[in-house]
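Starting from 1, each residue takes its place in the sequence as its number.
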Amino acid sequence: MFNQESLPRLGDPQRAAVGLEHWHDAAGPGCDPDLAEFARSYAAGSEGRAVLAAVFANSPFLGAALVREMGFFRTILDKGFDAAFADLLEGLWRDHGGETGSDRLMKALRIAKRRAALLIGLADMGGDWTLEQVTGALSDFAQASLQLATRLVLRQAAASGKLVLPDIGQAEKGSGFIVLAMGKFGARELNYSSDIDLIVLYDDGIVQVPDGEMTKLFVRVTRELVRIMDERTADGYVFRTDLRLRPDPGATPVAVSVSAAEAYYSSLGQNWERAAMIKARPVAGDLAAGQGFMDIIRHFIWRRNLDFAAIQDIHSIKRQIGTHKGHREKTVNGHNIKIGRGGIREIEFFAQTQQLIFGGRDRSLRTCGTVETLYALVASDRVERQVADDLAAAYRFLRTVEHRVQMVDDQQTHELPRTDEGVDRIAAFLGFADAQSFRAKLMATLTVVEDHYDRLFAESPALSGSGNLVFTGTEDDPETMETLRSMGYANPSAVAGQIRAWHHGRYRATRSQRSRELLTELVPTLLAAFAKTPHPDQAFLKFDEFLSRLPAGVQLFSLFYANPNLLDLVAEVMGTAPRLAEQLARRPQALDAVLLPGFFGTLPDREELEAGFEALVGGARYFEEVLDLTRRWVSEHKFRAGVHILRHVSDADRLGAFLTEVAEVALTGLQKAVEDEFARRHGRLPGAGLSILGLGRVGARSLMLRSDLDLITVYEVPDGVTQSDGDRPLSPNDYYIKLTQRLVNAITAQTAEGTLYEVDMRLRPSGNAGPLAVSFDGFARYQRESAWTWEHMALTRARPVTGPEGLRRKLAEEIRAVLTRPSDREKLRTDVASMRTRIDQQHRTDDIWNVKYVRGGMIDIQFIAQYLTLLHAPEKPDIIDPNTTGALAWLGDSAYLDVETAKLLIDTHKTWRRVQGFLRLTVESGFDAARAPAGLKAGLARAALPDMPEGTPFERIEQILRDKAAGAKAAFDRIVGTATA
C-alpha cells in the first residue's frame, strides 16, 4: 500500500526508536491476540518497519494516534484510504444519526476525528492523496460532524418544547436553522489542524418558536453546538469553532436572524466580507433555507456595476500591506506560511480581489477553490497561464508544508520552527534529501508569489509605508501588530480591534459605505499622525471618542483626505491636549475654522469679539439657547487660543488678555440675558444696577484656558426703592442675591455644550459666610473697616468687568481709595510673609514644574507685586495695576523696585505663565518629567524658553528654570523677608 520510496526521511531517528517500543508495548499483554499478532508481524516486515519509523520519527501526534488506533490502522491497510474513509463517515451516520444524548455523540465524534486525522495524515504523508483529496476529506469530515451535532441540538430544543420542527427524525429539514461554512471550510480546503469558521443564522420567517424568544433560543442552541464540536474531553476535540465572521461579531449574538444579516450586508457589509462570502456555503441545518439566504445576498457579493470607490477600497486593502522589497534575504526559520510575505494568504487574495472586481459581470469567476479560481481567471483572460501555473504550484507546495508543520503535534500553527534543527525535521518530513534543498525551494516559491502579488495593482502606491496595517477579518494580523508596536503603540490589539469596529459601522460616522471606504484610505495616515504624539494610544482613544460623537463622517473624512495638515493638527490635539480634544469631540465643527485663512493670524480685538458674540447669540429666542450659544462661542475661541499655544503661534502669557476679553464679553451677554429672564417674574429695581467685580486672573487680564473665575457681585439701589416692580416683588437684598444665584448657575450649569466656567466667590466680603451679592455701601464699608491684609492683596487685582458704567466707575474709584490708604508698614510686611509661610507649609514642593507653589514661583512674584503696591500706593496711586507684570513695571519705573530686579521678576513671571499655560493644555494632572514622553518635553521646553536652541537638553532647561526661581526667591527674601516668630 505504501511506496517506500515516497516515505519521508526520519526527522528524528531517536524518536522513531522510542515510537517502535511503544508500538510493541501496545501489542503486549492485554491486547487482543489477533491484533497483537498483526502488530508484531507488520513491524517485522521491511515495509511496515519503514512506515512506522517514518510516522514515529516525524509526528508525535500521528505516532500516538497510530498506537492508540492499531485496529483502525489495520482496517486502513485492508481496505485502502478511500474505502476506509467512506466507511468511517457511513458508520457515524448509521450509529449516531438518531442520537439524543450529547455525551455519546461527543465521544463518538472525537474517536472518529482521531481516526480521520490518522487516515488523512498517512494518505498525505505517503503521497497517496493529492492536496485536493486531503483538504476535501478534512472538509467532508467536518461537515458530517456538524450535521450530526446540528441534528442533535435541534432535536433537544424540540424535546424541551422550545422549538417546533416539521420532522423530528431529520430535525434539520425545514427548521430554519442555518450553518454556513466560511473560509477554507466553505471552499473545501481545510488544513490539517484547522479550526472551522462558521456563521450561524436562523430564518425568522420559517422557525417556529412557541414563546417567541428566537434569539435567546438559538443562542443557546448555537452554544451547545459549539460545545459539542470544540470542547476538549479525555478523547480530545472535534474542531475548534470560530463564529467571528458573522456580521459585526463584537455587537451581535452568536446566532443572527436572516433579516438582520440581510440588513447588515445590504447597508454595512465591507469589501473584505464580500471576499469572505465568496467561499460561503450551507453545510448543516436547513440546507434549503441556507441556500435561500445565499441567493438573497448574492447581490451583495457579486455587484454587476462596481463603482470606482469600491474598487479603490478593494485596492486599498492590498495596499495597506507594506511591501518589503529588498528583504528577501530573511531566513526560513519562523516564517509564517499562511500570512507571511509570499505566503498562502497572498495567493488567496490575488484570486479573491479579482473575483470581487470582475465576478459581478463574469459568472465563470464565481468559484470557491483557490486553484480553481486561478484557472477561471485564465479562461476569462484576466490572468496569464504562466502566472496561474506558478501560483497553483506554489499554493499546493505551501499548503503541503503547512500540513506537515501542523501534523507534528496537531497544533493550529502556520509558522516554521525557529531553530535550524526544527527546520531540518520539517524538511525530512516533506521528503527533501536535505534541509538546504527545502530552504531553496521554499525561498524560490515565496519569491514567485511575492513577485506576482506585488504586480497586482502595481500602479497603486502603498498606504502603510514600511509595514503591514491590515484591519480586515476578525483576527489580529501579526505583522500589523508588529508595525503598530514599532510606531509606538503600547496596545496594538486594542487599536486594531477598534478600527475593525469603525469598519463595522458601529458609529454613525462610519455607517455609510463611502465613509468606510474613505476610512480605509485614511487609517494608515491617521495612525502615523497619532504615532508622532507623546501618547499614541491616548491620541487614538481620544480620536475614537471624537469619531463616536460625529453625526456623519463623509464630509470630515473627505476634509482630512484633502487636507493632511488638518489631520496632523487633530492628531496633535488628541495626543497632547486633552482639554482641547474634549472640546473638539463635543464640537467637531471647530475644525472648519482651522481652514480659514486667518485662523493662525492675529486674534480678534474687543470690538470684533462683541460683534461676533452678538451675531451668534443675539438672535437667540430662548434662555436655554443663549446658554448653549454662549458656551459654543467661548469654546470656539478657547479652541483657537489652545491651538495657538499648542503650535507655538503664541503663548499663554500673551493670550491671557484675549481669553479675559472673551470671558468678559460672555459674562456681559449672560448677565443681560439672566437679568431679562429674572425680570419676567420679579420685575426690576428702577435705577439700580449690578456689577461683576473680577479678581485674580480675571482682574489681572491673565486668564488661562482652564482658569476659574474669581468674582464678586456688587449692586447699588437708589434711595427710596424698596422692592422690585414685578409680579413677585423682592427686596433689593433678596433680589440681587437670587439674581446672583441665577447668574452663577447660568455660567456653571452643564448643558449640551458643556460648562462655561467654574466660578469661585469666596473672595466676597466675609467669604462663604457672607451674602452672595453685596451692596456698594456694604462693600466699601467692609473693605475700609473689616478686610484683612490678604483681602487687600486680592483687591490689588480687582476690576469691574460688567454692569452700568456709573457703578463700574464708582467701584474702581472705591478700590483705588482703599488701596491708597496708608497702612502699618511692619504689619503689612509681617502679614504678607506669614501668609506665604502658611501656603508653603500646605503646598511645599521642590518640583520646578509646579510653577505656582515652588519657591520663587508665581505666588512669590505676585506677593512681591501686591506687597509693594499696598506699601507705596498711598504715595503714588499710579502704580496700581491689576496685572502682576504691569504692576512690577510701574514699581520699577517709580524706583520702588530696582530696575534689574523688576526685569528679573517680570521675565520669570512670564516664563511661569507660559509653562503653566502649556501644561494645563497638555496634561490632566501633575507633570512628571521622569515619565513624560520626549515629544511632550520638547513642546514644554519650547513653551518655557522659546529662545533656546532646538534640541537643548531637557536637563539644561530645568536648570535654567531653577536659576530663575532662585533669583525670584532671593528677591522675595530681600523685599518681604520671613515672618517673625
Asker: Under the side-chain hydrogen bond (donor to acceptor under 3.5 Å, both in side chains) criterion, do Thr222 and Tyr202 qualify, and how do the steps go?
Answerer: CA-CA 10 Å; Thr222 302; Tyr202 59 91; over 6 Å; no
Asker: Hey, which of Asp235, Leu146, Leu92 is the one that makes side-chain contact (heavy atoms from CB on, under 4.5 Å) with Leu109?
Answerer: Leu92
Asker: For Ser175 and Asp286, what are the C-alpha separation, side-chain angles and deciding distance, and is it a side-chain hydrogen bond (donor to acceptor under 3.5 Å, both in side chains)?
Answerer: CA-CA 6 Å; Ser175 66; Asp286 191 336; 4.5 Å; no
Asker: Any carboxylate oxygen within less than 4.0 angstrom of a Lys/Arg side-chain nitrogen, looking at Lys79 and Asp87?
Answerer: yes
Asker: Is a salt bridge present between Asp476 and Arg500, judged by a nitrogen-to-oxygen distance below 4.0 Å?
Answerer: yes
Asker: Hey, do the aromatic rings of Phe546 and Phe543 have their centres closer than 6.0 Å?
Answerer: yes
Asker: If I take atom CG from residue Leu526 and atom CD1 from residue Ile499, how far apart are they, to the nearest 0.5 angstrom?
Answerer: 8.0 Å
Asker: Taking Arg281 for its side chain and Gly186 for its backbone only, find out whether a donor-acceptor pair lies under 3.5 Å.
Answerer: yes
Asker: Looking at Asp167 and Lys173, is any side-chain nitrogen of the basic one under 4.0 Å from a carboxylate oxygen of the acidic one?
Answerer: no
Asker: State plainly whether the residues Arg151 and Glu99 are in salt-bridge range, i.e. N to O under 4.0 Å.
Answerer: no
Asker: Does a salt bridge link Glu348 with Lys184, judged by any charged N lying under 4.0 Å from a carboxylate O?
Answerer: yes
Asker: Kindly determine whether Trp129 and Tyr192 satisfy ring-ring contact (aromatic ring centres under 6.0 Å, His included), including the steps that lead there.
Answerer: CA-CA 13 Å; Trp129 276 4; Tyr192 191 75; over 10 Å; no
Asker: List the atom of Lys162, the atom of Val209, and the distance in Å for their closest heavy-atom pair.
Answerer: O-CG1, 3.5 Å
Asker: Compute whether any side-chain donor of one residue and acceptor of the other, for Glu189 and Ser139, lie under 3.5 angstrom apart.
Answerer: no
Asker: Should the pair Phe177 and Phe218 be assigned to parallel (<30°), tilted (30 to 60°) or perpendicular (>60°) ring geometry?
Answerer: parallel
Asker: Distance-only criterion, 3.5 Å: show the donor-acceptor pairs between side-chain atoms of residues 241-250 and protein atoms not counting sequence neighbours.
Answerer:
{"from": "Thr241", "atom 1": "OG1", "to": "Phe239", "atom 2": "O", "distance (Å)": "3.2"}
{"from": "Asp242", "atom 1": "OD1", "to": "Arg244", "atom 2": "N", "distance (Å)": "2.9"}
{"from": "Asp242", "atom 1": "OD1", "to": "Arg244", "atom 2": "NE", "distance (Å)": "3.0"}
{"from": "Asp242", "atom 1": "OD2", "to": "Arg244", "atom 2": "NE", "distance (Å)": "3.2"}
{"from": "Asp242", "atom 1": "OD2", "to": "Arg244", "atom 2": "NH2", "distance (Å)": "2.8"}
{"from": "Arg244", "atom 1": "NH2", "to": "Glu475", "atom 2": "OE2", "distance (Å)": "3.3"}
{"from": "Arg246", "atom 1": "NE", "to": "Thr252", "atom 2": "O", "distance (Å)": "3.3"}
{"from": "Arg246", "atom 1": "NE", "to": "Thr252", "atom 2": "OG1", "distance (Å)": "3.3"}
{"from": "Arg246", "atom 1": "NE", "to": "Pro253", "atom 2": "O", "distance (Å)": "2.8"}
{"from": "Arg246", "atom 1": "NH1", "to": "Leu243", "atom 2": "O", "distance (Å)": "2.9"}
{"from": "Arg246", "atom 1": "NH2", "to": "Pro249", "atom 2": "O", "distance (Å)": "2.9"}
{"from": "Arg246", "atom 1": "NH2", "to": "Thr252", "atom 2": "O", "distance (Å)": "3.0"}
{"from": "Asp248", "atom 1": "OD1", "to": "Arg506", "atom 2": "NE", "distance (Å)": "2.7"}
{"from": "Asp248", "atom 1": "OD1", "to": "Arg506", "atom 2": "NH2", "distance (Å)": "2.6"}
{"from": "Asp248", "atom 1": "OD2", "to": "Arg506", "atom 2": "NE", "distance (Å)": "3.1"}

Asker: Out of curiosity, Gln355 CD to Lys279 NZ, how far, rounded to the nearest 0.5 Å?
Answerer: 8.0 Å
Asker: So which heavy atom on Gln147 is nearest to which on Leu287, and how close?
Answerer: NE2-CD1, 4.5 Å
Asker: Find out whether the Lys NZ or Arg CZ of Lys113 is both under 6.0 angstrom from the six-membered ring centre of Phe141 and within 45° of the ring's axis.
Answerer: no
